[in-house]
Number of protein chains: 2
Amino acid sequence: MTSDHLSNTFAALADPTRRAILAKLASGEASVTQLAEPFEMSMPAISKHLKVLERAGLIARGREAQWRPCRLEPAPLKQVAGWVEHYRQFWEQSFDRLEDYLRELKTNESRNHESRFKERKNAGKQRKK
Amino acid sequence: MTSDHLSNTFAALADPTRRAILAKLASGEASVTQLAEPFEMSMPAISKHLKVLERAGLIARGREAQWRPCRLEPAPLKQVAGWVEHYRQFWEQSFDRLEDYLRELKTNESRNHESRFKERKNAGKQRKK
DNA sequence: ACCGTATTAAACCTTTTGGTTAAGTAACCG
DNA sequence: CGGTTACTTAACCAAAAGGTTTAATACGGT
């Protein structure tokens, strides 16, 4: 357990069963048995998945007689959204960048082609600890 | 190797070293040595991290003499953003939902209380509280 | 007090992950 | 050519992940 919140969240989301559980919880609370129903998996396996989701803060569990109702806790998802938002420019500008690339091809196709990495060679050589 | 694209993406993101690599690539292409520089980790370890990122489609690698320049590939990040967007309502409406809950408590506290779990089994049991 | 239902815990197994060191490949450079 | 630089592959290891089966716990109904 990384004790790094975002890593725990991503790790919890890196499993289709757990994401399906979250999707189901998006339409309301559910008991463990209800959540387990779509899967061909033993109950303890589901129980473990729920524990992973709980440790990541993605769900909270209550007590209701012998049932343990689960509900979605959106805070870590908000954090994920915030993290990925930093990269939005990269997919929104990708078409522009394709255009840039095509334009560069056109203007450079006869010149010799020494574009992007030549300054890095020198930098690497200078650095010598 | 899940062959599930989104799972691979989340798994790749569930490591602080790999996220730091992506952050660095956000400011431009970089060689493996440059990417490795901030970490107290062997080169093969970095190489493995890059392979994970590459298999997830989060980076692409070129060839430039003896360097292997890496660049960010935003498509999977876009997919993540799309996935998490489905849950936006849950963190934006959380205050409203608290209000809903309080209102529900007020109006339901004398009626019998079969709201959330009634479809499960026998609704006739009375909750004590 | 007992039985059934819901759920978790324990013990175990296999595969994956994340790191290591040591060796291999590939390109440049003098 | 031979050496240096940049990087990957191989072999190995410990720990974590994801599943199993069996057993334990908690509660409600009769």
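Lettering of chains follows the sequences in order, A, B, ..., and the numbering in each one begins at 1.
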If you pin A/Ala45 and B/Lys48 to their nearest nucleotides in DNA chain D, which one's is more 5'? B/Lys48
Where each residue is assigned the nucleotide of DNA chain D containing its nearest heavy atom, which of A/Ala14 and A/Gln66 is assigned the position nearer the 5′ end?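 Taking each residue's closest nucleotide, the earlier one in sequence belongs to A/Ala14.
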Any chance you could measure A/Leu50, atom CG, to A/Met43, atom CE, to the nearest 0.5 Å? 8.5 Å
What's the spacing between B/Leu35 CG and B/Glu29 CD if we round to 0.5 Å?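 Going from the CG atom of B/Leu35 to the CD atom of B/Glu29 covers 10.5 Å.
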Under 4.0 Å between a side-chain N or O of A/Lys51 and OP1 or OP2 of C/dA9? yes
Verify the contact: side-chain N or O of A/Arg68 to OP1 or OP2 of D/dA26, cut-off strictly under 4.0 Å; return yes or no.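 False: A/Arg68 side-chain N/O out of range (4.0 Å or more) of D/dA26 OP1/OP2.
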Output the rounded distance in Å from [atom1] ([X]) to [atom2] ([N]).
X	N	atom1	atom2	value
B/Arg63	C/dA26	CZ	P	8 Å
B/Trp67	D/dT5	CH2	C1'	8 Å
A/Arg55	D/dG18	CZ	P	13 Å
A/Met43	D/dA23	CE	C1'	15 Å
B/Arg61	C/dA26	CZ	P	15 Å

B/His5 NE2: over 12 foreign heavy atoms closer than 6.0 Å: yes
Nucleotide of C/dA6, D/dT20, D/dG18 approaching A/Ser42 most closely (side-chain heavy atoms):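 Minimum distance to the A/Ser42 side chain belongs to D/dT20.
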Could you please name the option among C/dT8, C/dT20, C/dA27 that lies closest to any side-chain atom of B/Ala65?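 That would be C/dA27.
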Ion pair check, A/Lys51 and A/Glu54, cut-off under 4.0 Å: no
